Every structure is written in C-alpha cells, then in structure tokens.
Amino acid sequence: MSYPEHRARRLRRTEGLRALARETRLTADQLVAPLFVHEGERSRQPIASLPGHARLSPELAAEEAAALSALGIGAVLLFGIPTHKDETGSGGWDENGVVPRAIRAIRKRAPEMVVWADVCLCEYTDHGHCGVLRDGDVDNDASLPLLARAAVAYARAGADVVAPSDMMDGRVGAIRAALDGVGLARTVIVSYAVKYASAFYGPFREAAGSAPREGDRRGYQMDAANVREALREASGDVEEGADAVIVKPALAYLDVIRAVRAEVNVPIAAYQVSGEYAMLHAAAERGWLDLERAMWETTLAIRRAGADLVISYFARTLAERLGERAAQAEARR
Ligand code: PBG
C-alpha cells in the first residue's frame with residue numbers, strides 16, 4: 001500500500017497516537033545509576049566533568065540510593081575512590097574498604113535497592129592499570145585471584161551483583177569459583193564482557209583518578225574496529241558463568257549491542273559512559289543542543305539497539321521525568 005492509501009503521518013499527529021505507535025519504551029527499572037564513593041563523613045565532592053554527580057561518602061551514597069529507589073531505579077553501580085593506592089590495589093579487596101562500607105550502608109538504608117559493585121583494580125593501583133604489573137605489562141593470571149578477592153569482599157558486604165570491568169581473560173570463571181567456594185552461589189555476575197579501549201572514559205578517569213600513569217589499556221580492552229571479537233567475548237563470558245553482560249561504551253557501539261543481543265540469551269546492559277554524558281552536557285552548555293531531548297534520544301537509541309538495561313549518568317533525571325509523566329497521567333484521571 002502506498003500514498004494516498006498509506007499516510008504515515010496519520011500516526012504522528014498527536015502525542016496520544018505517537019504513544020500508540022511507539023516501538024521502544026523505557027522504564028525506571030531498566031536504569032542503573034553509577035555512584036562514586038569515597039572516604040569521609042557526610043562528604044560530598046562534586047565532579048566537574050560529570051555535572052550533577054559527586055563523590056559521596058558511604059552514608060551519603062546510602063541516602064542517594066534511597067532517593068533513587070524511591071524513583072524506581074533498577075540498581076546502583078558502585079565505584080570506589082580510595083585515599084590510599086598501592087602496587088597491587090589492596091584497597092580494592094579490603095573488606096573494610098570504601099565500597100564494602102558503602103554497600104553495608106545502602107543495605108541498611110535502602111534494603112530493597114539492587115546493588116552492583118564494579119570490580120576492577122585501576123581505581124586502587126598506584127600505576128592505574130586494571131591488574132598487577134610484571135615487567136611493565138599487566139599480568140593476567142596473577143591479577144585473577146585479586147579480582148576474585150575483591151568480588152568476594154563486595155558480595156560478603158551485601159552486593160547483589162559483582163561487575164568485573166578489568167578485561168582480564170578468565171576472570172568470570174575465577175570470580176564464580178571464588179564466590180561459590182565461600183557459599184555465595186547466589187551472587188550475580190554481570191561482566192563487562194565487551195569493553196572497548198575508548199576515548200569516552202576520560203571524565204570517569206578524572207573522577208576516579210584512575211588514568212594509567214604510563215601506557216594505555218589497549219593491551220586488554222578491545223579494539224574499536226572489532227565486532228566478531230565482541231561475540232566471542234560475550235559467549236565466552238556466558239560460558240564461564242556470567243549471568244548478564246555489558247557492552248561499553250554505548251552510543252558509538254550500537255551495532256555491537258545489536259549483534260551481542262542476537263548472540264547470547266542473557267540480559268544485556270549497555271553503558272552510556274562518562275564521555276557520552278559529558279559531551280552532551282558540554283554542547284548543551286554552549287546552547288548547541290537541547291540536553292533533555294538529546295538525553296531521551298540517546299537512551300532510546302540504546303534500548304532500540306537491543307539493550308535490556310542502560311547504565312547511565314542520566315538515570316536519576318530520566319527516572320524523575322518518567323515519574324513526572326506518570327503523575328501528570330494520574331492527575332488527568
Ligand atoms: C574501571 C572502569 C572504567 C569505567 C568503568 N569501569 C574506566 C576505564 O576502564 O578506564 C568507565 C566508565 C565511564 O567512563 O563512565 N576499569
């Protein structure tokens with residue numbers, strides 16, 4: 001059927017009709033909100049490169065988690081910023097480190113909130129790499145027990161989900177075995193199976209002080225040119241025991257999200273990373289684009305590509321807007 005029988009504009013005439021024809025939806029429980037936790041008492045330190053975000057001490061992180069829970073947000077994803085860094089990243093697996101303390105505070109204050117803890121060494125090592133170094137290179141196999149120890153510390157503190165983002169080979173299997181070995185078979189692993197070496201992590205590294213002192217992460221994170229490799233990573237992690245997988249970054253890798261969706265039958269989360277958030281804010285500050293509209297458009301694009309969940313620095317604002325819409329609908333009744 002073609003014009004004049006088919007009039008595509010018919011379904012675009014009003015918001016009500018557009019809503020009927022809408023193919024992709026977003027709900028607050030599909031959103032995961034990253035939180036940065038640091039040492040201190042009621043301390044809140046804004047992050048310049050991530051407008052609206054701050055490094056929070058554990059009890060403030062718990063208050064934020066409670067507020068996000070009230071908005072219906074699906075989960076929080078915790079990143080630790082320790083005061084002390086060393087060669088092996090010991091702050092990362094310290095049972096009394098900043099992340100376990102934040103997890104315990106959240107468990108108390110917002111027991112219903114689903115807590116994800118990012119597992120990596122780069123925030124905790126003085127050299128800034130995601131594993132331990134030997135002869136100037138990241139030693140894959142020597143890093144595995146340390147990552148597993150961190151995952152166990154977070155799970156013991158009460159994390160529902162551990163999310164390894166280090167990109168060492170075999171870490172999902174090592175973490176699964178370590179968790180099961182201490183009776184934590186119920187702890188979920190969401191692996192950053194497909195994580196590219198990306199320019200878009202800049203603001204995060206500033207927030208976490210985790211830029212490598214020397215070299216870069218191309219020896220372990222993926223090459224932006226590859227998609228077949230992403231499928232191997234994703235199916236490999238699922239075989240090792242990942243319960244869900246992450247593709248990261250999101251916007252420059254929508255084709256990868258789609259391909260991974262077709263490859264594995266576990267939930268997929270896409271991470272709209274710090275640089276994606278910062279660039280929209282920077283352009284909006286100059287008056288070059290409308291931040292609200294760009295926020296919705298990019299988030300929907302990520303869902304449309306096939307992501308079940310979106311990890312996003314916009315999570316709170318998106319959930320607030322969804323809540324406002326629901327309240328307006330309620331008021332019309
Ligand atoms: C830790 C980690 C990083 C991000 C999430 N986990 C930084 C990196 O790999 O350099 C980036 C998140 C973001 O940019 O928002 N390895």
Side-chain angles (χ1 to χ4, degrees), residues 31-37 47-55 75-82 85 89 91-93 98-99 116-125 127-133 138 140 143 146-147 150-151 154 159 161-169 171-172 175 189-224 233 245-253 269-282 298-299 302 309-316:
L31 296 169
V32 181
L35 292 181
F36 295 92
V37 293
I47 301 166
S49 54
L50 291 173
H53 288 267
R55 303 180 188 92
V76 291
L77 169 58
L78 302 182
F79 294 99
I81 303 163
K85 302 192 187 219
W93 67 80
V98 67
V99 166
W116 297 22
D118 187 90
V119 175
C120 194
L121 297 183
C122 67
E123 298 112 283
Y124 305 94
T125 50
H127 46 75
H129 279 287
C130 301
V132 288
L133 295 183
V138 176
N140 191 91
S143 303
L146 305 183
L147 293 161
Y154 305 156
V161 173
V162 291
S165 66
D166 52 283
M167 290 301 277
M168 296 303 117
D169 294 320
R171 91 274 207 217
V172 172
I175 289 171
I189 300 177
V190 180
S191 80
Y192 290 80
V194 182
K195 178 172 174 181
Y196 288 90
S198 170
F200 290 99
Y201 306 147
F204 175 97
R205 291 179 188 174
E206 194 184 313
S210 63
R213 212 162 49 193
E214 269 170 64
D216 54 43
R217 302 205 206 291
R218 287 181 293 180
Y220 39 103
Q221 297 180 347
M222 283 182 54
D223 188 322
E233 282 281 9
V245 295
I246 298 173
V247 175
K248 171 186 177 187
L251 205 50
Y253 300 89
Y271 197 150
Q272 185 174 40
V273 298
S274 57
E276 301 179 56
Y277 177 82
M279 79 179 166
L280 296 184
H281 268 275
T298 52
T299 312
I302 295 163
L309 306 172
V310 184
I311 306 169
S312 170
Y313 298 95
F314 286 118
R316 186 181 181 139

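Both ligands and their constituent atoms are indexed starting at 1 by order of listing. The first residue of the sequence shown is numbered 1, and numbering continues consecutively from there. Since we're looking at a predicted model, the values are computed, not measured.
Within the 4.0 Å heavy-atom cutoff, Arg217 counts among the residues contacting ligand 1. Residue contacts with ligand 1 do not include Tyr277, since none of its heavy atoms lies under 4.0 Å from the ligand.
Every N/O-N/O distance between Glu123 and ligand 1 stays at or above 3.5 Å. Remark: ligand 1 and Tyr192 share no N or O pair separated by less than 3.5 Å (distance only, no angle test).
Distance check, rounded to the nearest 0.5 Å: CG of Leu280 to CZ of Phe314 gives 5.0 Å.
Atoms of ligand 1 found under 4.0 Å from any heavy atom of Lys248 (numbered from 1 in listed order, with element): 2 (C), 3 (C), 4 (C), 5 (C), 6 (N), 11 (C), 12 (C). Which parts of ligand 1 touch Lys195 is read off a 4.0 Å heavy-atom cut-off, strictly below it: atoms 1 (C), 2 (C), 3 (C), 6 (N), 8 (C), 9 (O), 16 (N). Less than 4.0 angstrom separates some heavy atom of Gln221 from each of these atoms of ligand 1: 9 (O). Close approach to Cys122 involves these atoms of ligand 1, each under 4.0 Å from a residue heavy atom: 1 (C), 16 (N). Those atoms of ligand 1 with a heavy atom of Ser165 less than 4.0 angstrom away are 1 (C), 2 (C), 6 (N), 16 (N). Ligand 1 places these atoms under 4.0 Å from at least one heavy atom of Arg205: 8 (C), 9 (O), 10 (O). Proximity to Phe79 (heavy-atom distance under 4.0 Å) selects the following atoms of ligand 1: 5 (C), 6 (N). Listed by number with element, the atoms of ligand 1 under 4.0 angstrom from any heavy atom of Tyr271 are 12 (C), 15 (O).
In this structure, atom 12 (C) of ligand 1 lies nearest to the protein heavy atom Phe204 CD1, 3.4 Å.
In this structure, the side chains of Leu78 and Tyr154 stay at 4.5 Å or more apart for every pair of heavy atoms.
Contacts with ligand 1 closer than 4.0 Å are made by side-chain heavy atoms of Asp118 only, the backbone lying farther away.
Using modelled atom types, no side-chain atom of Lys248 and backbone atom of Val273 make a donor-acceptor pair closer than 3.5 Å.
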Trace of the side-chain contact (heavy atoms from CB on, under 4.5 Å) decision for Arg217 with Arg205: CA-CA 12 Å; Arg217 302 205 206 291; Arg205 291 179 188 174; 3.1 Å; yes

Chi angles and distances behind the side-chain contact (heavy atoms from CB on, under 4.5 Å) call for Val194, Ile246: CA-CA 6 Å; Val194 182; Ile246 298 173; over 6 Å; no

Test log, rule side-chain contact (heavy atoms from CB on, under 4.5 Å), inputs Ile47 and Arg55: CA-CA 7 Å; Ile47 301 166; Arg55 303 180 188 92; 4.0 Å; yes

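For the 3.5 Å distance criterion, the side chains of Tyr192 and Asp118 qualify, holding a donor opposite an acceptor. A side-chain N or O of Thr298 and one of Gln272 form a donor-acceptor pair less than 3.5 Å apart.
Ring pair Phe36/Tyr313 is parallel by interplanar angle, where below 30° counts as parallel and above 60° as perpendicular.
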